[in-house]
Amino acid sequence: MTYQDARPATGLQDAILRHLTYTIGKDTAHATLHDWRMALSYAVRDKIVDSWFVSTRTAYEAGAKRVYYLSMEFLIGRLLGDALVNLRFDAEAKAAVEGLGLSFDAVLHDEPDAALGNGGLGRLAACFLESLSTLACPAMGYGIRYEHGLFRQSFEDGRQIEQPETWLQQRHAWEFERPEAMYRVGFGGHVADQDDRAVWTPAEAVLAEAHDTPVVGWQARWTNTLRLWGARAGDPLDLKRFNHGDYVGAAAAEMLARSISRVLYPDDTTPAGKELRLKQEYFFTAASLHDILRRFDSEHGDIRALPDKVAIQLNDTHPAIAGPELVRLLHDERGLPFDEAVDLARRTLNYTNHTLLPEALEKWPVDLMRHLLPRHMMLIDRIDADHAAHFPARPTPIVADGEVNMGTLSFVMANRVNGVSALHTELVKQTVFADLHALHPERIVNQTNGVTPRRWLHACNPRLSGIITGAIGEGWVGDLEQLSGLEPHLDDAGLQDAIAGAKRANKVDLSNWVSATHGVSLDPDAMFDVQIKRIHEYKRQHLNILEAVALWQAIRANPNAGWTPRVKIFGGKAAPGYVFAKKIIHLINDVARVLNADPVTSPFLKVVFLPNYNVTLAERLIPASDLSEQVSTAGKEASGTGNMKFALNGALTVGTLDGANVEIRDHVGAENFFLFGMTAPEVVARRAVPDHAGQAIAADPRLAAALEAIHQGAFSSDDPNRYHDITGNLRGPDYFLVCSDFTDYWRAQRAVDAAYRDGAHWTRMAALNTARSGWFSSDRTIRGYMADIWGATSLRPGA
Ligand code: NBX
């Protein structure tokens with residue numbers, strides 16, 4: 001059937017069929033699911049474009065201050081469902097698609113996840129973009145258009161296997177290529193002094209090509225742009241070599257250039273220390289700054305107005321080279337005096353710190369810097385010397401021991417520096433930046449993270465969303481604090497039953513999916529206890545699995561003690577080079593195999609590790625969760641954002657006083673949160689106790705027995721020594737204090753069991769978590785950045 005014959009019934013069907021025919025070039029008889037998904041996406045994208053143009057024009061006409069969010073990572077996930085929800089178009093789209101004889105779910109699930117990020121930092125950037133649009137703040141996200149996002153994870157005999165991710169194998173429906181926005185980014189070479197001006201002549205250059213994706217806000221109030229840079233060679237083909245038959249050599253420059261935007265570095269704890277990584281950082285930062293200045297020039301005259309019209313946010317230190325690059329552009333290229341260039345740059349740039357882990361703080365060897373960015377290294381030295389000269393108290397130098405400390409550079413070049421939760425910001429002040437904070441006491445501010453309620457409640461949990469809207473109207477979607485309006489309704493038995501029913505139905509859906517895709521059957525009446533996040537020792541997935549082993553032993557010893565049935569669900573990827581984290585994955589899978597096959601205990605305890613955790617899997621799991629595991633060693637998790645998504649969807653938290661857990665507990669009430677473990681200061685004190693792990697093990701026979709079982713090979717009979725490095729670590733240094741927190745964790749988990757057995761009370765606590773989580777909207781966070789950091793205003797009155 002062709003478009004002319006189809007006689008579409010609705011406007012949207014018409015648009016879908018038109019795109020199927022004229023954009024994709026297929027007729028309905030031959031269209032695949034992918035073709036239909038693309039046709040629908042194009043039809044939806046058309047609607048976004050109208051809002052996009054209006055937003056762009058409005059920002060331009062207002063001469064408004066613009067916000068630029070520079071991030072190496074944007075973990076956006078799928079876009080179709082989100083766009084439909086924000087356009088208020090989801091019901092119509094479902095009807096249109098089903099009217100064409102297709103499954104709406106199947107069409108939505110055909111879209112690959114855009115996994116251009118590792119974890120929380122990248123996902124936060126994606127939530128922020130959506131909130132910036134919802135709040136009509138004129139903004140743009142800048143990043144890298146990786147050809148391969150975060151690796152795909154599978155398991156082979158319980159071990160993590162990494163495969164390349166290929167989201168761009170199919171056309172990306174949402175982006176617009178902008179070949180007119182193309183910049184040359186140089187590397188290496190030398191710096192010459194010409195008439196008292198430094199002139200940098202790079203040895204090589206690549207082109208940065210812009211790809212724009214519109215980001216539509218709630219109710220299509222406003223649409224901003226995510227601009228991702230792809231790398232290309234200036235000269236794609238060396239014709240001379242080609243004509244001499246050297247086909248590979250002829251394309252070498254192109255291959256080399258393209259490698260810059262080829263892959264996302266899959267490591268979120270240690271700086272990669274690789275030249276290519278530094279090239280990526282400079283590549284996207286330089287292209288973005290060129291673009292920002294070009295736009296500024298087209299809208300405003302005097303470069304001295306830059307800080308009044310532009311605010312740039314550096315998402316961690318990955319774009320920290322923005323400091324010296326902006327100074328270079330203003331001083332070398334535009335001729336401003338050095339001091340003025342530094343002052344303007346500093347009043348324009350801001351920096352968010354996301355970690356205190358010393359191994360994650362970026363440092364680059366001076367030699368590498370000098371080799372790749374010779375002019376920048378000179379400017380860094382000068383910035384460092386100037387800063388030291390202004391402060392006789394001898395601040396921490398930017399350059400020390402042959403390395404450039406990117407955190408210090410970012411701090412020195414920033415107007416505001418922020419942490420991402422109240423506790424984390426305090427620790428930032430007291431630890432990594434203690435002396436810089438003493439010199440610049442006004443610079444560090446807190447902005448506690450948030451999550452977008454459109455994706456993380458309204459779209460991913462339609463059952464709960466519908467119930468909330470039924471009770472308090474739909475204003476909450478754009479103003480999450482309205483959730484508090486639920487509280488007075490919570491004594492209504494009908495509402496409680498509806499909330500419990502929605503959770504149960506979500507758990508049935510998840511169980512069906514797990515059974516169909518992974519062949520494990522789960523009981524939807526069991527408590528769904530979920531830990532999903534990157535695998536790290538500080539996040540302590542091994543504490544969780546140790547408790548599972550101890551519980552298994554306790555159930556075996558006394559099967560009729562009235563145990564509360566539980567399913568422990570894990571998800572998360574380990575960095576490919578992080579051997580210990582990969583061991584933890586293997587251990588969880590080994591424990592799962594043994595426990596799930598045990599006829600005595602499996603009615604009460606199952607363990608499942610779902611492979612390839614990503615945004616889409618999170619959207620499936622969180623609405624079906626009863627218990628949220630947030631068990632990091634206090635002082636180590638800067639904020640956490642998964643913790644907020646769970647609370648919003650009515651899961652109770654078992655957690656430490658770490659990151660934003662502290663604020664979640666304050667909001668939902670201590671009685672609706674299962675607290676355990678040491679506080680951050682107690683952690684520091686405990687580490688100083690000799691043999692703290694040995695003492696904890698001696699004091700807790702359950703812990704001793706669980707460790708011994710693992711050590712003896714109870715879960716690895718094919719290789720009994722397999723986990724000796726884990727047991728050895730826990731019995732020895734145990735830096736993350738798994739043993740010292742175990743006993744209190746066990747106690748908290750048994751309190752969770754008891755609470756879950758009282759269904760009505762549990763539902764009430766869960767509902768209170770939802771009702772009291774309104775503060776954790778990323779809209780609130782972005783309002784904070786706008787007011788305290790950017791001095792930006794909303795262009796939609798009342799937003
Ligand atoms: O940023 C995370 C923190 O660990 C979370 O506590 C916090 O909630 C979140 C958002 O503020 N950090 C994070 O995800 N870091 C990275 O992904 C990362 C990636 C690359 C890299 C270093 C860190 N080189």
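Both counts, for ligands and for their atoms, begin at 1 and track the order of listing.
- Taking 4.0 Å as the cut-off, Asp316 does not count as a neighbour of ligand 1 on heavy-atom distance.
- For Arg277, every heavy-atom contact with ligand 1 shorter than 4.0 Å involves the side chain, none the backbone.
- Taking distance alone, with nitrogen or oxygen atoms compared against 3.5 Å, Leu121 approaches ligand 1 more closely than that limit.
- For the residue pair Lys568 / Gln531, no side-chain donor-acceptor distance below 3.5 Å is found, with atom types taken as modelled.
- In terms of polar-atom proximity, defined here as any N/O pair under 3.5 Å, Lys539 makes no such contact with ligand 1.
- Atom 23 (C) of ligand 1 has as its closest protein heavy atom Asp268 O, 3.3 Å.
- Each of Leu226, Asp82, Asn86 was checked for a side chain to side chain contact (heavy atoms under 4.5 Å, CB included) with Val215, and the lone residue meeting it is Leu226.
- A cation-pi arrangement, defined by a distance under 6.0 Å to the six-membered ring centre and an angle within 45 degrees of its axis, is absent between Lys573 and Tyr613.
- Checked against a 3.5 angstrom limit, the closest N/O atoms of Ser639 and ligand 1 fall inside it.
- Cation-pi geometry between Lys279 and Phe187 is met: under 6.0 angstrom from the ring centre, within 45 degrees of the axis.
- Here Thr355 has no heavy atoms under 4.0 Å from ligand 1, in either its backbone or its side chain.
- Between Lys539 and Asp658, none of the side-chain N atoms (NZ, or NE/NH1/NH2) sits under 4.0 Å from a carboxylate O, so this pair counts as no salt bridge.
- Ring geometry for Phe155 versus Phe609: interplanar angle over 60°, hence perpendicular rather than tilted (30 to 60°).
- Regarding atom 6 (O) of ligand 1, its nearest protein heavy-atom neighbour is Glu637 OE1, 2.6 Å.
- For the pair Ala638 and ligand 1, the shortest N or O to N or O distance falls below 3.5 Å.
- Taking every heavy atom of Gly120 and a limit of under 4.0 angstrom, the matching atoms of ligand 1 come to 1 (O), 9 (C), 10 (C), 14 (O).
- A donor-acceptor pair is defined here as one N or O able to donate and one able to accept, closer than 3.5 Å; such a pair exists between the side chain of Ser421 and the backbone of Ala638.
- With hydrogens left out, the protein atom closest to atom 11 (O) of ligand 1 is His354 ND1, 2.6 Å, a heavy atom.
- Which parts of ligand 1 touch Tyr538 is read off a 4.0 Å heavy-atom cut-off, strictly below it: atoms 4 (O).
- Using a 4.0 Å cutoff on heavy atoms, Gly640 counts as a contact of ligand 1.
- The cationic atom of Arg416 (NZ for Lys, CZ for Arg) does not lie both less than 6.0 Å from the six-membered ring centre of Tyr351 and within 45° of the ring axis.
- Ligand 1 lies out of reach of Glu362, whose nearest heavy atom is not under 4.0 Å from it.
- At a heavy-atom cutoff of 4.0 Å, ligand 1 is contacted by the side chain of Glu73 but not by its backbone.
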Contacts table for residues 400-409: side-chain donor-acceptor under 3.5 angstrom, sequence neighbours left out:
{"residue": "Asn405", "atom": "OD1", "partner": "Gly407", "partner atom": "N", "Å": "3.0"}
{"residue": "Asn405", "atom": "OD1", "partner": "Thr408", "partner atom": "N", "Å": "3.1"}
{"residue": "Asn405", "atom": "OD1", "partner": "Thr408", "partner atom": "OG1", "Å": "3.3"}
{"residue": "Asn405", "atom": "ND2", "partner": "Thr408", "partner atom": "OG1", "Å": "3.4"}

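- With a 4.0 Å cut-off on non-hydrogen atoms, Arg123 does not touch ligand 1 at all.
- Applying the ring-ring contact (aromatic ring centres under 6.0 Å, His included) rule to Trp456 yields no partners; only residues at least two apart in sequence or on another chain are considered.
- Protein heavy atom at the shortest distance from atom 20 (C) of ligand 1 is Asp267 O, 3.4 Å.
- Taking 4.0 Å as the cut-off between side-chain N and carboxylate O, Arg455 and Glu619 count as a salt-bridged pair.
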